[in-house]
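Presented below is the structure to which this report refers.
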Amino acid sequence: MKPKQTIVHLPVYQPGKPIEEVKRELGLTEVIKLASNENPFGSSPKAKAAIEAEIANISLYPDGGAVQLTEAVAEYLGVATNQLIFGAGSDEVILMLARAFLVQGDETVMASHTFPQYKHNCEIEGAVSIEIPLKDGTHDLDGMLAAITERTKIVWICNPNNPTGTMNTDAEIKAFLAKVPEHVLVVLDEAYCEYNTTGEFPDSIELIGQYRNVIALRTFSKIYGLASLRIGYGIGHPDVIRSINQVREPFNTTRFAQAAALAAIKDQDFIASCREANTAGLNYLTEQFNEMGLKAFPAHGNFVMVNVGRPAAEVFNGLLRRGIIVRGGHMLGFPTSIRVTIGSSEQNEKFIAALQQVLAEVAVQA
C-alpha cells in the first residue's frame, strides 16, 4: 500500500534523547536533561493534587468540550469562551489549523529555522511552504510580508522563536499585521510567552480583538510544567475557532490534562516563581557565555542558543558523555551552536562546568 504522496518526503520527528537511554548507553548514574525546554521546577502542587483526585474517574471519558477549563482560561485571559480551543498540546492545534484551512496548492509562509511542525503539517495537506531566512536569529517580518501572495493561507510566527529564543516586539508585530491581507491567517505561536520579562512582548489578546485573522497558540507544557499530559490551546476570533473545532477529534484532551490545567491556571504564584528563577538562570548562563567568549542569541524563553564555535555534534556528544543532554544545533540548522534549556541553579552550574571541559577538548571550527 502506498501512502499519500505529500508525506513520503517528510522526516520523522527526532526528539531529544531520554534520560533513561543515556544512563543505560553510557553507564551513568546522574543525567541532566536540558534539551526539551521542560520546566526544571516541575508543576504546581495544586495541579498534582488535581491529578490524584481525578484517578477515581479514570474509566470515564473526558469532557469533550473542556467546559470548565475553557471557562477558567477565558476568565484569566479576558476573552469569550467561544474564542478558545484546546488540543493535545499546542502541536495538535497546529495540526488542526493545517487540516481546517489548507488544501493542495495553497501557500504558507514561515521562517527558515523555526518550530518544524508548521512545515510538517502544512506539507501533509499538500500546501507549499515558503521559508524566509531569519535575520539575526529573528523572524524577518518584512521578508515574510513580501512573500505573501493570493495563494497564501497561513503565516506562522513563533514568538519567542524556537530554536533561537529571539523575540519580535509588540511594535513589530503590529506594523506587520497592519499590512497583512485579510484572507491570510496569522498564527502567533506563544508557547514561551509566560517567561517574557521585557515589557515589549506583543499583546496578542488585544491583537485578536482587533484582527479577525489572528490566532495565538499557548501551552501548558512549558512554564506550567504539564508536558507529559499534552494540553495546549488556541485563542482567536469565534469564526476561526469554530472552523478548527469542525476538524477536532472527540475527546482529544484527557481528564487528567484538563484537571491539572484547571488547577495550574489558578496558581499564578507558582508561575511567577518559575519566571523569576528562569530569569536568574538566563542571566547566569549569559554571563558565563560572555566570560567564555561565546555569542548567544538574545533569549526570551526558557532556553538559549549559543554559538560554541565548534562542530555542534562533537560538543553535543562531549556533553552527553558527561551526563548533560542538550539539543545539538547540527539537528536544527545551526552547525556550530547548541540549544540549552535553562535549568535549576545546580543544573546550570553543572552544565557550565561540563561545557568548559568539552570546549577545551574540541577544536575550534575553521
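Numbering of residues begins at 1 and proceeds along the displayed sequence.
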Check: At their closest point, which heavy atom of Pro202 faces which heavy atom of Ile173, and how far apart are they?
Finding: CG-CG1, 3.6 Å
Margin query: Assess the residue pair Thr197 and Arg275 against the criterion (side chain to side chain contact (heavy atoms under 4.5 Å, CB included)); give the C-alpha distance rounded to whole Å, side-chain angles, the decisive distance to 0.1 Å, and a yes or no.
Written below: CA-CA 8 Å; Thr197 59; Arg275 180 167 46 247; 4.0 Å; yes
Check: In terms of side-chain geometry, is the basic nitrogen of Lys153 or Glu107 positioned less than 4.0 Å from the acidic oxygen of its partner?
Finding: no
Check: Closest heavy-atom contact between Phe303 and Asn162?
Finding: CZ-CA, 4.0 Å
Note to self: Quick check: closest heavy atoms across Asn39 and Cys274, and the distance to 0.1 Å?
What the structure shows: ND2-SG, 3.4 Å
Margin query: With a 4.5 Å cut-off on side-chain heavy atoms, are Asn161 and Leu134 touching?
Written below: yes
Check: Are Leu262 and Gln258 side-chain neighbours, meaning at least one heavy-atom pair lies under 4.5 Å?
Finding: no
Check: Can Phe256 and Ile55 be said to form a side chain to side chain contact (heavy atoms under 4.5 Å, CB included), step by step?
Finding: CA-CA 8 Å; Phe256 294 108; Ile55 291 175; 3.9 Å; yes
Check: Can Met144 be reached from Val184 by stepping across I, L, V, M, F, W or Y side chains whose heavy atoms are under 4.5 Å apart?
Finding: yes
Next item on the list: State, with a plain yes or no, whether a side-chain heavy atom of Arg339 is found less than 4.5 Å away from one of Val304.
Entry: no
Item checked: Pairwise distance CG(Asp267) to OH(Tyr224) - rounded to 0.5 angstrom -> 9.5 Å
Next item on the list: Give a yes or no on whether the backbone of Pro298 and the side-chain of Thr166 come within a donor-acceptor separation of less than 3.5 Å.
Entry: no
Notebook entry, point to check: When rounded to the nearest 0.5 angstrom, what is the spacing between OG1 in Thr253 and CD1 in Ile231?
Noted result: 4.5 Å
Note to self: Is there a path of hydrophobic side-chain contacts, each under 4.5 Å between heavy atoms of I/L/V/M/F/W/Y residues, joining Leu185 to Phe176?
What the structure shows: no
Next item on the list: Find out if a path of hydrophobic residues (ILVMFWY) with successive side-chain heavy-atom gaps under 4.5 Å connects Tyr211 to Leu77.
Entry: yes
Check: Quick check: does any side chain N or O of Glu92 sit under 3.5 Å from a backbone N or O of Ala88, one acting as donor and the other as acceptor?
Finding: yes
Notebook entry, point to check: Does the side chain of Asn37 come under 3.5 Å of the side chain of Tyr192 through a donor N or O and an acceptor N or O?
Noted result: yes
Item checked: Arg218-Ser204 side chain donor-acceptor pair, cut-off 3.5 Å -> yes
Next item on the list: Step through it carefully: locate the ring centre of Tyr233, locate the ring centre of Phe220, and say whether they are under 6.0 Å apart.
Entry: yes
Note to self: Any side-chain to backbone donor/acceptor pair from Asn168 onto Glu172? Under 3.5 Å, distance only.
What the structure shows: no
Next item on the list: Could you tell me whether the side chains of Thr114 and Trp156 share a donor-acceptor contact shorter than 3.5 Å?
Entry: no
Note to self: Any non-hydrogen side-chain atom of Arg151 less than 4.5 Å from a side-chain atom of Asp106?
What the structure shows: no
Margin query: Does any part of the side chain of Leu207, heavy atoms only, come nearer than 4.5 Å to the side chain of Leu188, both counted from C-beta?
Written below: yes
Margin query: Let's go through Val308 and Leu359 carefully: what are the C-alpha distance in whole Å and the side-chain angles of both, what is the deciding distance for side chain to side chain contact (heavy atoms under 4.5 Å, CB included) to 0.1 Å, and is it a yes or a no?
Written below: CA-CA 8 Å; Val308 291; Leu359 295 186; 4.0 Å; yes
Next item on the list: Measure across Arg255 and Leu60 and return the closest heavy-atom pair with its distance rounded to 0.1 Å.
Entry: CD-O, 3.1 Å
Notebook entry, point to check: Is there a side chain to side chain contact (heavy atoms under 4.5 Å, CB included) between Phe289 and Leu355 once you walk through the steps?
Noted result: CA-CA 10 Å; Phe289 293 150; Leu355 180 63; 3.9 Å; yes
Checklist line | Main-chain N/O of Gly64 paired to Arg248 side chain as donor or acceptor, under 3.5 Å | finding: yes
Checklist line | Test: Glu361 and Arg322 ion pair at under 4.0 Å | finding: yes
Notebook entry, point to check: So, the side chain of Thr219 versus the backbone of Gly232: is there a donor-acceptor pair under 3.5 Å, distance only?
Noted result: no
Check: Should the pair Arg99-Glu249 be classified as a salt bridge under the 4.0 Å nitrogen-to-oxygen rule?
Finding: yes
Check: Closest approach of Pro311 and Ala363, non-hydrogen atoms and distance?
Finding: CD-O, 3.8 Å
Next item on the list: Check the pair Glu30, Lys350 against salt bridge (Lys or Arg N to Asp or Glu O under 4.0 Å), reporting the backbone distance first and the verdict last.
Entry: CA-CA 11 Å; Glu30 180 187 13; Lys350 289 183 177 180; 2.8 Å; yes
Checklist line | Aromatic ring proximity His300/Tyr195, centre distance under 6.0 Å | finding: no
Next item on the list: Please say whether more than 12 non-hydrogen atoms of neighbouring residues, nucleotides or ligands are located less than 6.0 Å from CD in Gln268.
Entry: yes
Note to self: Hydrogens and angles aside, do Thr138 and Asp136 bring a side-chain donor and acceptor to less than 3.5 Å of each other?
What the structure shows: no
Notebook entry, point to check: Would you call Glu314 and Arg310 a salt bridge, taking side-chain N to carboxylate O under 4.0 Å as the test?
Noted result: no
Check: Donor-acceptor pair, Thr70 side chain versus Thr81 backbone, under 3.5 Å?
Finding: no
Margin query: More than 12 heavy atoms of other residues, nucleotides or ligands under 6.0 Å from CD of Gln246: yes or no?
Written below: yes
Check: Side chains of Lys222 and Glu194: does their closest heavy-atom pair fall under 4.5 Å?
Finding: no
Check: Taking a hydrophobic cluster as the set of Ile, Leu, Val, Met, Phe, Trp and Tyr residues connected by side-chain heavy atoms closer than 4.5 Å, whether directly or through intermediates, do Ile85 and Val73 fall within one such cluster?
Finding: no
Notebook entry, point to check: Considering only heavy atoms from C-beta outward, does the side chain of Gln104 approach that of Glu125 to under 4.5 Å?
Noted result: no
Checklist line | Heavy-atom pair of closest approach, residues Ala47 and Leu226 | finding: CB-CD2, 4.2 Å
Check: Would you say the side-chain atoms of Asn307 pair up with the backbone N or O of Ser337, donor to acceptor, closer than 3.5 Å?
Finding: no
Checklist line | Over 12 foreign heavy atoms within 6.0 Å of CD, Gln68 | finding: no
Margin query: Rounded at 0.5 Å granularity, tell me how far CG in Leu217 sits from CG in Asp189.
Written below: 5.0 Å
Check: Roughly how far apart are His120 NE2 and Ser129 OG, rounded to 0.5 Å?
Finding: 11.0 Å
Next item on the list: Compare all side-chain heavy atoms of Met167 with those of Glu200 and state whether any distance is below 4.5 angstrom.
Entry: yes
Margin query: With rounding to the nearest 0.5 angstrom, report the CG to CZ distance, Leu34 to Phe351.
Written below: 7.5 Å
Notebook entry, point to check: Could you give the distance from NZ (Lys46) to CD1 (Ile265), rounded to the nearest 0.5 Å?
Noted result: 12.5 Å
Notebook entry, point to check: Got more than 12 heavy atoms from elsewhere within 6.0 Å of CD, Gln357?
Noted result: yes
Next item on the list: Determine, stepwise, if the pair Glu75 / Lys266 fulfils salt bridge (Lys or Arg N to Asp or Glu O under 4.0 Å).
Entry: CA-CA 10 Å; Glu75 181 181 0; Lys266 295 179 180 179; over 6 Å; no
Notebook entry, point to check: Would you say the side-chain atoms of Ser344 pair up with the backbone N or O of Gln347, donor to acceptor, closer than 3.5 Å?
Noted result: yes
Margin query: Between Gln83 and Ala80 (side chain of the first, backbone of the second, donor and acceptor by atom type, cut-off under 3.5 Å), is there such a pair?
Written below: yes
Next item on the list: Examine Ile19 and Ile324 and state if one hydrophobic cluster contains both, with Ile, Leu, Val, Met, Phe, Trp and Tyr joined whenever side-chain heavy atoms are less than 4.5 Å apart.
Entry: yes
Next item on the list: Decide if atom CG of Asp239 counts as having more than 12 heavy atoms of other residues, nucleotides or ligands within a radius under 6.0 Å.
Entry: yes
Next item on the list: Please determine if Arg212 and Glu182 form a salt bridge, counting it only when a charged side-chain N lies under 4.0 Å from a carboxylate O.
Entry: no
Notebook entry, point to check: Taking the side chain from Asp91 and the backbone from Gln117, do they hold a donor-acceptor pair closer than 3.5 Å?
Noted result: no
